[in-house]
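Quick caveat, the model's predicted, so the values are computed rather than measured. We count residues from 1, following the sequence as given.
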Amino acid sequence: MFGDLFEEDFSFISNNHCGKGKKSKPRDSEPPAPRDFTNLSGIKNQGGTCYLNSLLQTLLFTPEFREALFSLGPEELGTLDDSSKPDAKVRIIPLQLQRLFAQLLLLDQQAASTTDLTESFGWNSHEEMRQHDVQELNRILFSALETSLVGTSGHDLINRLYHGIVVNQIVCKECKNISERQEDFLDLTVAVKGVTGLEEALWNMYVEEEYFENENLYRCGACDKLVEASKSAKLRKLPPFLTISLLRFNFDFEKCERYKETSCYTFPIQINLRPFCEQTEMDDSEYMYELFSVIIHKGGCYGGHYHVYIRDVDELGNWQLQEEEDRLIEDKALRDTENAKETENPLAVLNGILSEEESKIPVDQLGQKLLEKTGVSWNKKYRKQYGALRKYLQNHPQVFQFSPDENKVGLKEKCKLPFKSDSQGQDLRSPPQKNDVQWNSEKKPTRLRDSSAGRHWFDLNDSKVQPIKEQDIEKQFQGKESAYMLFYRKSELKRPPEARGNPRYQIPEHLLNEMNAANTELQKKRAECDSANNGIDLHLHLSSRYKFHNGALHPSLTWKESVVDLTMDRRKTLGDLRQSVFQMLESWEGDMILTIAKHLPAGLHLYQILDGDELTLEGIGLADGADIFVWNGKEVGGTKVMTGPDHEPVVINVLRLVEYNEGGKGQHFTESQHVFSCSTKLGDLHKALAPSGGIILKNSSGPDKEAKNWEVFLEEDMKETVKSVGLMDGCSVLILDSHDQSFVDVSSGNLTAFTYDISWLQVKNFCRTEDEGKHVKITATIETVMSDIKMKAIRELQLEEELANDSCLRPVSGNGKLLSPVPEDYTVKEAELKMGSLLGLCHGKAPTSTQLFLYFFVGSDRNASPEMEIVVEETASVKECLRLMLEKSGLSG
């Protein structure tokens with residue numbers, strides 16, 4: 001549609017928008033951001049449309065233009081819903097412009113999309129990516145609008161607002177005949193080169209005269225000869241809105257290249273055009289114009305970016321500079337401090353809370369209600385001066401009355417107060433209202449006004465909108481970032497009072513309804529998104545459903561029945577969480593302690609107690625999926641529970657040698673698991689596990705590495721703790737009785753070098769049962785027989801022992817392929833298995849030492865047919881092998 005005048009020098013920005021009609025693909029599932037404090041909407045850049053955005057914002061903030069556009073109803077323009085009907089006459093461009101203006105005025109989003117509008121221009125995605133000249137766009141857009149509005153009451157909209165007339169006159173010096181030619185204009189193009197500002201450029205154009213003399217004479221039609229003459233131009237008709245294009249871009253004929261004029265070029269906020277007009281006898285008000293928009297170009301003649309400074313004539317935006325915003329924040333903080341002084345007396349506050357209750361309430365619940373009413377917890381505000389809440393209540397028996405078990409508290413009858421509201425008239429039963437301001441198109445935004453209404457300026461830079469001062473315009477007089485188009489309005493144009501601060505003014509009813517529906521949908525999506533982004537799932541473990549044994553907490557029933565799931569907003573406070581738990585557990589009595597819990601191999605273990613009811617869940621580090629134990633802070637089922645990292649339970653594998661091995665060769669041992677606190681002394685562990693005279697050896701290579709050395713715990717180690725010597729979950733210790741110590745060699749002063757390395761093999765279930773894919777770890781030495789490993793794996797996997805007659809162990813390769821089964825009479829060493837290897841427990845018998853295991857596939861494409869397996873005797877012929885393969889594959893031949 002336009003020539004390739006300039007290229008934008010930044011990347012593509014995706015778009016989405018709300019409302020009816022064709023929708024562009026959203027960038028993601030999140031709704032668009034709401035408007036910021038300015039209460040004005042920006043426009044998304046489609047990749048090179050900043051020039052379009054600047055012009056559209058200027059038209060939007062020309063109230064007379066947008067109201068004339070809104071006055072055209074569906075009866076004249078048609079509707080977008082009918083645009084697909086073949087016989088319907090729908091004027092797409094003005095309809096899309098109406099809808100975009102309604103979105104910019106009313107839709108609560110940071111930036112609107114111009115996708116539908118540019119599609120109505122006939123632009124494709126390639127066109128959107130190219131930047132064009134805003135001066136040219138202004139003329140083309142006006143032409144397109146005029147064409148679209150032919151035959152409607154808005155056919156003269158552009159002429160009525162922007163049309164002016166320039167008259168060019170030539171006066172003959174001899175006969176005084178005047179020859180004149182009239183020119184229409186929608187904008188004036190003025191020179192920048194060689195002039196200091198707009199007024200000088202206009203003087204040169206409409207005051208200075210050009211003379212025809214000497215060899216350059218004029219042929220007068222009346223005299224019919226060459227004569228001396230003077231030529232001049234004047235403004236004959238002034239439009240309500242004067243658009244001025246500055247010739248910033250020129251061509252250097254010596255260098256044969258374009259360049260941008262960056263010299264200083266001034267322009268006034270107010271200008272009197274009387275000196276430049278043909279008729280000068282009218283009142284001054286007819287010639288006075290005020291600047292209301294400056295489109296700015298940043299960059300050079302081959303690339304750059306546009307944005308626009310706009311005066312908010314109707315005061316639709318909230319103009320507030322940073323220093324004034326800081327002052328408002330300080331004023332608010334001062335008011336909050338003054339309000340806080342009214343809640344200094346805890347007796348009055350507690351009395352007021354309990355007066356609202358019909359019966360006694362738990363002490364913890366009273367603390368939570370105090371937090372809700374005052375916005376601060378007892379511990380933070382009163383504890384230092386008055387002590388703990390329970391103690392304070394007990395010290396005032398003349399006011400407060402406890403239940404027999406002292407878990408609940410209420411007021412004595414004579415002390416109950418009638419319900420009151422605070423000094424500001426706020427209902428004490430409702431939490432203090434926060435100063436959150438939600439944008440609502442039906443309400444006038446709070447704004448700072450100076451004595452001159454409609455004088456505030458904003459910088460609208462694509463999606464970003466920010467307030468500026470009027471003197472900031474002077475920064476655009478010169479430089480690479482400088483004014484490119486100027487828009488003036490007649491000073492005598494006055495706005496009706498009902499239009500001030502009212503973005504709904506003159507908008508048609510059907511667009512109001514559409515924007516209201518879109519705002520409702522946006523609020524719904526934001527609420528859903530906010531909940532999804534800030535909601536965390538907490539798992540509450542109730543002490544009444546747990547028992548403590550073997551060093552850790554275990555559910556009395558199943559894990560599922562012992563846990564209650566609760567979703568909370570991470571911005572809520574710990575007090576809010578406590579109150580939610582109270583509401584869920586109506587029968588709870590006594591103190592309620594919330595403690596972080598963690599699943600360990602030994603069971604559930606408790607860590608730090610959550611404290612500080614005024615703190616947010618995010619602030620105390622509660623993450624999504626956190627486990628919280630709900631209890632009285634002392635015992636579970638009558639058993640005292642130790643908490644914290646110093647009392648973590650550790651599961652230790654205990655190995656003991658046995659004299660006989662069912663496999664007939666190699667060593668055999670038993671394995672059992674025991675739980676100890678990580679603070680347990682090794683001496684106590686020795687007493688619990690080793691017989692008199694026995695020794696304990698630790699696998700110094702750790703549970704997940706090949707075992708190379710076993711280290712004996714010496715007498716001086718007995719004072720160390722389980723944690724300090726490095727025993728962790730899954731670590732193994734070997735217990736040797738006095739008669740087993742012959743298996744240990746003494747060298748270099750240390751007891752090391754056990755006869756055979758002891759480590760692990762992993763076995764995965766491939767038998768197509770419910771637990772298929774489950775792993776177990778089997779302890780073994782290089783002399784352990786494979787049949788023993790298989791039997792132990794079947795037991796660990798809790799499979800039917802009959803499976804031993806129709807199963808085998810097959811090594812699993814690094815890419816997950818099952819390799820040939822291992823003969824069951826082989827040892828780990830004979831099977832050439834590395835410790836830590838993964839074996840698969842599969843259906844089928846393992847080949848004997850006289851049999852071969854063969855793979856084959858059918859066809860010429862190995863990737864197209866599945867791999868098959870057969871077992872044959874070593875003495876089998878090739879023909880017998882082929883027959884078995886045919887039978888296996890179901891083929892004949």
> Is there a donor-acceptor contact under 3.5 Å from the side chain of Thr520 to the main chain of Asn516?
Replying inline: yes
Here the pair of heavy atoms bringing Arg311 nearest to Glu290 is NH2-OE1, 3.1 Å
Show, in sequence, the C-alpha distance, side-chain angles and deciding distance for Glu67 and Tyr505, and conclude whether the side-chain contact (heavy atoms from CB on, under 4.5 Å) test is met. CA-CA 8 Å; Glu67 289 165 10; Tyr505 184 69; 3.3 Å; yes
Paired with Asp314, the salt bridge (charged side-chain N to carboxylate O under 4.0 Å, His left out) test is passed by just one of Arg495, Lys494, Arg500, namely Arg495
- Message: Please check: side-chain N/O of Glu200 versus main-chain N/O of Thr196, any donor-acceptor pairing under 3.5 Å?
- Response: yes
Requested in this report: Look at the rings of Phe142 and Tyr162 and say which category their plane angle falls in: under 30° parallel, 30 to 60° tilted, over 60° perpendicular.
Outcome: tilted
### Side-chain donor/acceptor of Gln98 to backbone N/O of Leu72, under 3.5 Å
yes
Pair Leu106-Ile507, side-chain contact (heavy atoms from CB on, under 4.5 Å): steps then yes or no: CA-CA 10 Å; Leu106 299 177; Ile507 296 182; 3.7 Å; yes
**Request:** Verify, without hydrogens or angle tests, whether Asn159 (side chain) and His163 (backbone) share a donor-acceptor contact under 3.5 angstrom.
**Result:** no
Closest non-hydrogen atoms of Arg99 and Leu80, given as atom of the first, atom of the second and distance, are CD-CD1, 3.8 Å
task: Verify whether the ring centers belonging to Phe249 and Tyr484 lie closer than 6.0 Å.
output: yes
Closest non-hydrogen contact found for Asn45 with Gly47 is OD1-N, 2.7 Å
Exactly one of Lys490, Arg489, Arg160 clears salt bridge (charged side-chain N to carboxylate O under 4.0 Å, His left out) with Glu64, and that residue is Arg489
Quick check against the 3.5 Å criterion: does Trp319 have a side-chain atom that pairs as donor or acceptor with the backbone of Ile468?
yes
CE of Met515 to NE2 of His510, rounded to nearest 0.5 Å, is 9.0 Å
Next item on the list: Find out whether Phe292 and Pro63 are in side-chain contact, i.e. whether some heavy atom of one side chain is under 4.5 Å from a heavy atom of the other.
Entry: no
Rounded to the nearest 0.5 angstrom, the CG-CG distance for Leu157 and Leu149 is 6.5 Å
Using atom types as modelled and distance alone, determine if a side-chain donor or acceptor of Ser71 lies under 3.5 Å from a backbone N or O of Ala68. yes
Next item on the list: Ignoring hydrogens and angles, state whether a donor on the side chain of Asp108 or Asn519 is under 3.5 Å from an acceptor on the partner side chain.
Entry: no
All heavy atoms of Leu77 vs all of Leu95, minimum pair found to be O-CD1, 3.6 Å
Just wondering, do Val308 and Phe458 contact through their side chains at under 4.5 Å, heavy atoms? no
Tightest non-hydrogen contact, residues Tyr287 and Gln279, listed as OH-O, 2.6 Å
CG of Leu100 to CG of Leu105, rounded to nearest 0.5 Å, is 9.5 Å
task: Taking the side chain as every heavy atom from C-beta outward, state whether Ser245 and Arg139 have any atom pair closer than 4.5 Å.
output: yes
(Q) Would the distance check show the side chain of Lys89 and the main-chain N or O of Gly78 forming a donor-acceptor pair, the cut-off being under 3.5 Å? (A) no
Query raised in the report: Cut-off 3.5 Å, side chains only: do Glu481 and His307 have a donor facing an acceptor?
Result: yes
Does any N or O in the side chain of Arg526 come within less than 3.5 Å of the main-chain N or O of Pro32, such that one atom is a donor and the other an acceptor? yes
Exercise for review: With the side chain counted from C-beta on, respond yes when Phe487 and Ile310 share a heavy-atom pair under 4.5 Å apart, and no when they do not.
Suggested key: no
In this structure, CG of Leu69 is separated from OG1 of Thr62 (nearest 0.5 Å) by 11.5 Å
Query - Backbone N/O of Leu107 and side chain of Arg35: donor-acceptor pair under 3.5 Å - result: yes
**Request:** Evaluate the criterion side-chain contact (heavy atoms from CB on, under 4.5 Å) for residue pair Asp569 and Asp530; output intermediate values, then yes/no.
**Result:** CA-CA 9 Å; Asp569 191 312; Asp530 183 74; 4.1 Å; yes
Closest non-hydrogen contact found for Leu104 with Gly42 is CD2-O, 3.5 Å
Any donor-acceptor pair under 3.5 Å linking the side chain of Arg248 with the backbone of Lys260? no
The side-chain hydrogen bond (donor to acceptor under 3.5 Å, both in side chains) partner of Thr114 among Glu119, Gln46, Gln96 is Gln46
Query - Side-chain heavy-atom pair Leu198, Tyr488 within 4.5 angstrom cut-off - result: yes
Do Ser482 and Thr262 touch side chain to side chain, with heavy atoms closer than 4.5 Å? no
Within the 3.5 Å criterion, strictly below it, is a donor on Gln103 or Ser41 matched to an acceptor on the partner's side chain? no
* Can Asp283 and Ser285 be counted as having a side-chain donor-acceptor contact under 3.5 angstrom? -> yes
Beyond-backbone contact of Tyr265 with Val190, side-chain heavy atoms, under 4.5 angstrom: yes
Between the CD1 atom in Ile158 and the CG atom in Leu141, the distance rounded to the nearest 0.5 Å is 7.5 Å
Check: Phe267 ring centre within less than 6.0 Å of Phe477 ring centre
yes
*asked:* Between the side chains of Lys237 and Glu278, is the shortest nitrogen-to-carboxylate-oxygen separation below 4.0 Å, so that they form an ion pair?
replied: no
Within the 4.5 Å heavy-atom criterion, are Met485 and Thr243 side-chain neighbours or not? yes
### Message
Distance alone, cut at 3.5 Å: any donor-acceptor contact between the side chains of His305 and Asn461?
### Response
yes
The reported gap from OG1 in Thr58 to CZ in Phe65 (rounded to nearest 0.5 angstrom) is 11.0 Å
field: Check against side-chain contact (heavy atoms from CB on, under 4.5 Å), Arg236 and Gln182
entry: CA-CA 9 Å; Arg236 173 167 286 179; Gln182 209 172 252; 2.8 Å; yes
